[in-house]
2 protein chains.
Amino acid sequence: MNETTIKTKHPRAESLSIRKRLIQHYKSGIVADAGLFAHGRGEAFDYLLGEKTGDNALKAIKAAAAMLLNAEHPVISVNGNAAALVGKDIVELAQVTKSKIEVNLFYRSTKREIAIETLLSEAGAGKVLGVGKAASGRIHEIGSERRRVDPEGILVADVVMVPLEDGDRTEALAKMKKNVIAVDLNPLSRTAQFATVTIVDNIVRAMPALVRIAQKLKNEDRSRLQAIIADFSNKESLSEAIRLINRRLSQLAEKGTYLTPSQKGWT
Amino acid sequence: MNETTIKTKHPRAESLSIRKRLIQHYKSGIVADAGLFAHGRGEAFDYLLGEKTGDNALKAIKAAAAMLLNAEHPVISVNGNAAALVGKDIVELAQVTKSKIEVNLFYRSTKREIAIETLLSEAGAGKVLGVGKAASGRIHEIGSERRRVDPEGILVADVVMVPLEDGDRTEALAKMKKNVIAVDLNPLSRTAQFATVTIVDNIVRAMPALVRIAQKLKNEDRSRLQAIIADFSNKESLSEAIRLINRRLSQLAEKGTYLTPSQKGWT
């Protein structure tokens, strides 16, 4: 179809560029149907959050960085959208925090797993867990194919980062007493509420910020990292995110969100 | 890819079924890439609105029905998502209100226009405007291909219904002094704010309701219809929609949106 070329000065240039990338990865089999709809949902919440990483999100990002650095067996779980949007940042984060990377898809297929593994390898990843037969472990709280995990990865992890994850699986990991770090633009989702640390932010902003902050904290001693973790309350962070949305809704309603003809340069 | 079959008892059965339909129409060329993301955004707002057609939306639907019935040259504009989601309802609405139907795509291609025309014809539509060379009229406030309209349809319409429309085009139609009826789950969008009547509701609920209410009102005299129209304020309706979202956000935040293990039947 004949879609417009993306002019770099277009106010929505970045958003359109991200969509373009997702569609490319959808066509190449990396992103699932559900991933496109999920991205749209994220766009709506990001709009309501003001499309920037505020202090509230930064606090959560800092706690997440400390949690990964303090962990014994940290694992970063990767699905299609995460690989497509922030594959390179995931690889960097894994290196800085000495985390393992595991491919863990809601809609499994060996073909998709291999495609994602390839994408990550090309971005510099070392060993990628969870591909094909390697996902021989089982999380029994979850049904069917979604229970499959790598016995070297998520199954034995003490901290699992799940960017863009499903509520059922976040809940199951939490029930297994694992510390779960989620990135979710919807502070009301089950994922957001079951995670130990929820970063309510757009993953394309949050992941680079997380890499940067992890770099800063990586030589801190354990007691300092644990203090950062103890200082963070997910409940409060989520409540604050909801308050932010409420405030922004009211602001947008008051001033109106459209440009008047004169602002657009018309008479 | 191996997606789950949709069990009819699944709480998200309808939502999954709608997504499945959209993907099918995406693959057949009727729905554009942007349409999938837009649907996801709609899902987020619908979730925030409580996923039901409340009194506020019903008031707007009633005003819309009256406006179409009272019009001299009413036209219903159809894009890929509208055709895929509510093609049949659009045809019924056109019949009840004696409106014309015009295919009007953001991303034009004769192939897509014909596919949509076919879908509408199979749903019982009579003549469908705006296909191929028939879209020879121009709305000069809009750039490039998006300015093309049918000289027998939107160009000369006094009332245009634009389910799922773009802000630029809604604004252009409003500037041409046409009455615009929009369906938009985001009460803050430019479309919502430039339309004369905005139905803040999910199109799959709003369109059948609109057909039903138009059936009830179709024999009313003009003065009655005009009274219904005069009684409606889009500004107030949109403000109420935003209040509804804020209230629901607070409710959801208070009680939590997840089921506790005991509620799910676990020990």
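These numbers come from the heavy atoms of this one structure, side chains and all, not from hydrogens, waters or symmetry mates. Everything numeric in this text was worked out from a predicted model, so none of it was measured. Chain naming here is simple, since letters A, B, ... match the order of the sequence lines and numbering starts at 1 in each.
Proximity to chain B is absent for every atom of A:Leu185, based on heavy atoms less than 4.5 angstrom apart.
Considering all non-hydrogen atoms of both residues, B:Ile242 and A:Leu249 come closest at CG2-O, 4.1 Å.
Taking chain B as the reference chain and counting heavy-atom pairs below 4.5 Å, the highest number among A:Ile245, A:Leu238, A:Leu48 is found for A:Leu48.
Summarising the local packing, NZ of B:Lys59 is surrounded by 12 or fewer heavy atoms from other residues, nucleotides or ligands at distances under 6.0 Å.
Taking A:Glu236 as the reference, A:Ser233 meet the side chain to side chain contact (heavy atoms under 4.5 Å, CB included) condition, with sequence neighbours excluded.
Expressed to the nearest 0.5 Å, how far CZ of A:Arg19 lies from CG of B:Leu36 amounts to 9.5 Å. Atom-to-atom distance recorded for A:Asp33:CG and B:Gln24:CD is 10.5 Å, nearest 0.5 angstrom.
Between A:Phe37 and B:His39, the ring planes are perpendicular. Angles over 60° get that label, and only those under 30° would be called parallel.
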